[in-house]
Amino acid sequence: MSEPADSRPTWTFLTNHARVLATIARDPGVRVRDIAARCLLTERAVQKIIADLEGAGYLSHTRSGRSNRYEIAPGTPLRHPADSGPTVADLLAVLALESDTDDAAADPGTDDAGTHDAGTHDAEADTDDVDADAEARADTR
């Protein structure tokens with residue numbers, strides 16, 4: 001028997017809001033277009049999510065010419081009552097654990113804390129872009 005045409009799962013572990021926030025945390029100067037590509041969302045959906053996050057006090061932005069610079073409010077508690085206690089900073093720390101550990105092991109330009117030296121190249125960001133591009137192309141077939 002053949003599988004259905006769309007065999008993607010109907011649920012995920014992270015919400016789109018969490019994905020957008022994590023993407024902004026990795027690069028506070030990221031463009032909406034790039035967030036959309038990395039999160040596999042439309043630009044309009046990303047704009048709405050950013051408006052939701054700003055309205056709830058999780059995020060703010062400052063305009064610099066034609067671009068935005070985002071700032072996350074790290075001490076803001078998570079919204080759901082079952083998640084009371086942890087803050088946005090705690091969530092982002094957990095989401096960054098695996099990529100920081102992988103980067104430190106694979107990138108000789110990182111120190112023991114997993115932070116990059118000034119002149120190193122971020123291969124993970126390139127990989128994310130390639131993955132998003134490949135998935136976008138696959139969706140159009």
Side-chain angles (χ1 to χ4, degrees), residues 2-141:
S2 64
E3 289 188 32
D6 187 9
S7 61
R8 288 183 277 187
T10 57
W11 62 273
T12 62
F13 283 102
L14 299 176
T15 66
N16 289 335
H17 285 66
R19 285 188 193 95
V20 168
L21 193 65
T23 301
I24 290 171
R26 287 184 191 106
D27 179 6
V30 67
R31 298 179 308 169
V32 168
R33 172 179 294 168
D34 295 330
I35 296 169
R38 290 177 190 156
C39 296
L40 302 178
L41 299 169
T42 64
E43 289 181 42
R44 182 177 290 227
V46 171
Q47 289 169 339
K48 181 174 182 336
I49 290 168
I50 288 172
D52 288 347
L53 293 169
E54 285 184 323
Y58 290 95
L59 187 65
S60 63
H61 75 275
T62 54
R63 220 48 202 148
S64 177
R66 291 177 26 184
S67 61
N68 288 319
R69 182 105 183 135
Y70 298 99
E71 185 175 336
I72 295 172
T76 309
L78 301 179
R79 286 176 55 108
H80 196 279
D83 299 328
S84 65
T87 63
V88 168
D90 297 329
L91 172 66
L92 293 173
V94 169
L95 293 176
L97 277 179
E98 181 179 332
S99 72
D100 285 350
T101 302
D102 291 345
D103 285 348
D107 187 353
T110 57
D111 60 18
D112 291 338
T115 57
H116 285 276
D117 291 340
T120 61
H121 178 73
D122 190 358
E124 180 181 337
D126 292 343
T127 304
D128 289 346
D129 291 342
V130 171
D131 292 344
D133 291 343
E135 289 181 28
R137 283 192 303 275
D139 288 343
T140 60
R141 293 181 192 166

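Counting only heavy atoms from C-beta outward, the side chains of L41 and V20 approach each other to under 4.5 Å. Two residues are said to be in side-chain contact when any heavy atoms from C-beta on lie closer than 4.5 Å; N68 and I50 fail this criterion. Here the side chains of R19 and I35 are not in contact, with every heavy-atom distance at 4.5 Å or above.
Remark: side-chain polar atoms of S64 are not paired, donor with acceptor, to backbone N or O of S67 under 3.5 angstrom.
Qualifying side-chain contact (heavy atoms from CB on, under 4.5 Å) partners for E71, counting only residues two or more places apart in sequence or in other chains: S60. In this view, R31 and D34 satisfy the salt bridge (charged side-chain N to carboxylate O under 4.0 Å, His left out) rule, not counting sequence neighbours. In this view, A51 satisfies the side-chain contact (heavy atoms from CB on, under 4.5 Å) rule with no residue, not counting sequence neighbours. In this structure, the side-chain contact (heavy atoms from CB on, under 4.5 Å) partners of T87, at least two apart in sequence or on a different chain, are A89, D90. For T15, the side-chain contact (heavy atoms from CB on, under 4.5 Å) partners two or more places apart in sequence, or in a different chain, are H17, A18.
Taking both residues in full, the closest heavy atoms of R69 and G29 are given as NH1-N, 3.4 Å, listed atom of the first, atom of the second, then distance. Taking both residues in full, the closest heavy atoms of V32 and Y70 are given as CG2-OH, 3.9 Å, listed atom of the first, atom of the second, then distance. Closest approach of V30 and T23 over heavy atoms only: CG1-O, 4.4 Å. Scanning both residues, S84 and P86, for their nearest heavy atoms gives O-CD, 3.2 Å. Scanning all heavy atoms of the two residues, the minimum distance from G57 to A73 falls at O-CB, 3.4 Å.
A distance of 7.0 Å separates CZ of R26 from CG of L95, quoted to the nearest 0.5 Å. Note that CD1 of I72 is 4.5 Å distant from CG of L21, once rounded to the nearest 0.5 Å. Taking CG of L53 as the start and CD1 of I24 as the end, the distance is 6.5 Å to the nearest 0.5 Å.
A salt bridge (Lys or Arg N to Asp or Glu O under 4.0 Å) check over residues 50-67, counting only residues at least two apart or in different chains, returns the pairs K48-D52.
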